[in-house]
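Have a look at the structure below, then the notes.
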Amino acid sequence: MFNKSRLVIGCGYLGERVAQRWLAEGSVVHCVTRSLDRARRLESLGFAPFVGDVTRPDTLAALPAADTLLYAVGYQPGSGVSRHAVYVDGLRAVLDRLDANSSRIVLASSTGVYGESGGAWVDEESPCRPGREAGQVLLAAEETLCGHRLGSAGIILRFAGLYGPGRIPKLADLKAGRPIAVSSHGMLNLIHIDDAAAAVVAAAQAAPPRTYLIADGRPVLRREFYRYVAELLHTAEPQFVEPSPDEAARQRGGGDKRVSNRRMLEELGVVLQYPTYREGMEAILAASAG
């Protein structure tokens, strides 16, 4: 049986889970990391590590060939490099070194490329007008992939907010009973990390080029989300304070919108394990309590 070769650049919260699924399918999974210690850990998990840095193209000269690439890098503020260097220049450097036979290039993007939408539903055909730098840079990364010689192999995945074990927004504040600084209005669009990883695996089999929104399709008001989490934690009902102007602008930058997942469900056939944040949060908190 032919084993596919996969290349994961950005083997973090999402990337490692995707890599684990591909490994379980029998694929050879190459994971790129900047750290020798991290490389040793990845090797112990059964992956084939490659030490390289997307912001230093000279370190990518011997990048392994692969049938499928997942580019899911994260940005670390204070790293000394710009978002553009990581998401746009880094992606271009990787694409320039990939074999022309790569059949799928999966780019992890964000619904932040839409910017503000006034509470309206958005889908893959909605116009992109990002107001924040993060969304602008990710849109530039999408355009870089589409305009590259390998662009015809591109699959763009625009993720809603990822949550899951170890990643629950404002959890420490809720447990401590501290007031939460969130805007009075605005929707949260979410996707559980396990469903997000399943969507990546499904998308890697889709016919490119194509763009998909990856969300549970059940947007929730921020206040309702935090109140429900507090209920599960058996803590006092959360109190809210208006955020600072900078924080309010950051929240608005996520866009007050509702994200449709119709194309993901219909074309990729993804069956959500956690169809709303309620099932997802119940499972996370039950596991942590156990």
Side-chain angles (χ1 to χ4, degrees), residues 1-31 64-73 87 91 94-95 98-114 121-126 128 138-139 141-162 189-218 259-275:
M1 181 177 180
F2 175 71
N3 291 328
K4 286 185 175 292
S5 177
R6 319 282 192 173
L7 177 60
V8 178
I9 299 183
C11 205
Y13 194 63
L14 174 64
E16 184 171 329
R17 284 171 170 80
V18 175
Q20 289 169 341
R21 287 172 182 254
W22 279 336
L23 190 68
E25 291 178 355
S27 295
V28 176
V29 184
H30 302 275
C31 296
D67 303 293
T68 307
L69 163 70
L70 170 62
Y71 195 84
V73 296
Y87 291 110
L91 174 61
V94 169
L95 293 176
L98 283 186
D99 189 282
N101 293 324
S102 297
S103 60
R104 298 292 187 282
I105 312 295
V106 182
L107 172 63
S109 184
S110 165
T111 57
V113 299
Y114 294 106
W121 283 93
V122 297
D123 61 19
E124 290 81 359
E125 306 305 322
S126 300
C128 294
L138 283 169
L139 185 58
E142 293 184 9
E143 292 167 349
T144 295
L145 173 57
C146 293
H148 195 270
R149 62 178 172 83
L150 297 178
S152 61
I155 299 286
I156 295 169
L157 304 182
R158 294 172 177 164
F159 288 93
L162 297 175
N189 292 276
L190 300 166
I191 184 74
H192 190 284
I193 188 62
D194 289 341
D195 288 329
V200 175
V201 171
Q205 304 299 318
R210 200 67 166 142
T211 298
Y212 296 95
L213 296 183
I214 308 301
D216 63 21
R218 299 293 294 273
V259 175
S260 170
N261 65 358
R262 180 176 295 180
R263 180 182 290 182
M264 178 192 80
L265 297 178
E266 292 180 353
E267 293 191 11
L268 301 183
V270 174
V271 177
L272 295 173
Q273 185 176 356
Y274 305 101

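Note that the coordinates shown come from a computational prediction; the quantities given were computed from them, not determined experimentally.
- The salt bridge (charged side-chain N to carboxylate O under 4.0 Å, His left out) contacts involving residues 196-206 comprise nothing, where partners must be two or more places apart or lie in separate chains.
- In this structure, D195 and V270 have side chains that are not in contact, with every pair of non-hydrogen atoms separated by 4.5 Å or more.
- A pairwise comparison of heavy atoms in S109 and L138 identifies OG-CB, 3.8 Å as the closest pair.
- Nearest heavy-atom pair, R218 versus P275, reported as atom, atom and distance to 0.1 Å: CG-O, 3.6 Å.
- Side-chain atoms of Y274 do not come within 3.5 Å of backbone N or O of H192 as any donor-acceptor pair.
- Nearest heavy atom pair, residue Y71 against residue Y87, reads CE2-O, 4.1 Å.
- Side-chain contact between S110 and F159: absent, with no pair of heavy atoms (C-beta onward) separated by less than 4.5 Å.
- Closest of all the heavy-atom pairs between L150 and L95 is CD1-O, 3.7 Å.
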Tell me which donor-acceptor pairs under 3.5 Å the side chains of residues 198-212 have, and how far apart each pair is, sequence neighbours excluded?
from : atom 1 : to   : atom 2 : distance (Å)
R210 : NE     : E267 : OE1    : 3.1
R210 : NH2    : E267 : OE2    : 2.6
Y212 : OH     : E267 : OE1    : 2.9

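- Nearest heavy-atom pair, V28 versus H30, reported as atom, atom and distance to 0.1 Å: CG1-NE2, 3.8 Å.
- At least one side-chain heavy atom of E142 sits under 4.5 Å from a side-chain heavy atom of L107.
- With sequence neighbours left out, the side-chain hydrogen bond (donor to acceptor under 3.5 Å, both in side chains) criterion links S260 to no other residue.
- Other residues, nucleotides and ligands contribute over 12 non-hydrogen atoms within 6.0 Å of the CZ atom of R21.
- Applying the side chain to side chain contact (heavy atoms under 4.5 Å, CB included) rule to A19 yields the partners V8, C11, V29, C31, F47; only residues at least two apart in sequence or on another chain are considered.
- I191 places a side-chain heavy atom less than 4.5 Å from the side chain of L162.
- Listed by chain and residue number, nothing satisfies the salt bridge (charged side-chain N to carboxylate O under 4.0 Å, His left out) test with E266 (two or more places apart in sequence, or in another chain).
- In this structure, N261 contributes its side chain and D216 its backbone to a donor-acceptor pair below 3.5 Å.
- How far CG of D99 is from CG of L7: 12.0 Å, rounded to the nearest 0.5 Å.
- We find the CG-CZ distance between D123 and R262 to be 8.5 Å, quoted to the nearest 0.5 Å.
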Requested in this report: Begin from the C-alpha positions of M264 and L272 and carry the test side chain to side chain contact (heavy atoms under 4.5 Å, CB included) through to its verdict.
Outcome: CA-CA 10 Å; M264 178 192 80; L272 295 173; 4.0 Å; yes

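- Not one N or O on the side chain of D194 forms a donor-acceptor pair closer than 3.5 Å with the backbone of A197.
- Once rounded to the nearest 0.5 Å, the distance linking CD1 of I105 with OG of S152 reads 9.0 Å.
- Listed for the S102 side chain is a donor-acceptor partner under 3.5 Å among the backbone atoms of A66.
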Query - CA sep, side-chain torsions, deciding dist, call: V122, T111, side chain to side chain contact (heavy atoms under 4.5 Å, CB included) - result: CA-CA 9 Å; V122 297; T111 57; over 6 Å; no

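- Of the possible polar contacts, none joining the T68 side chain to the R104 backbone as a donor-acceptor pair under 3.5 Å is found.
- The main-chain N or O of V259 is found under 3.5 Å from a side-chain atom of N189 such that the two form a donor-acceptor pair.
- Remark: Y13 pairs with no residue by the ring pair (Phe, Tyr, Trp, His ring centres under 6.0 Å) rule, at least two apart or across chains.
- A 4.5 Å side-chain heavy-atom check between C128 and R158 finds at least one atom pair inside the cut-off.
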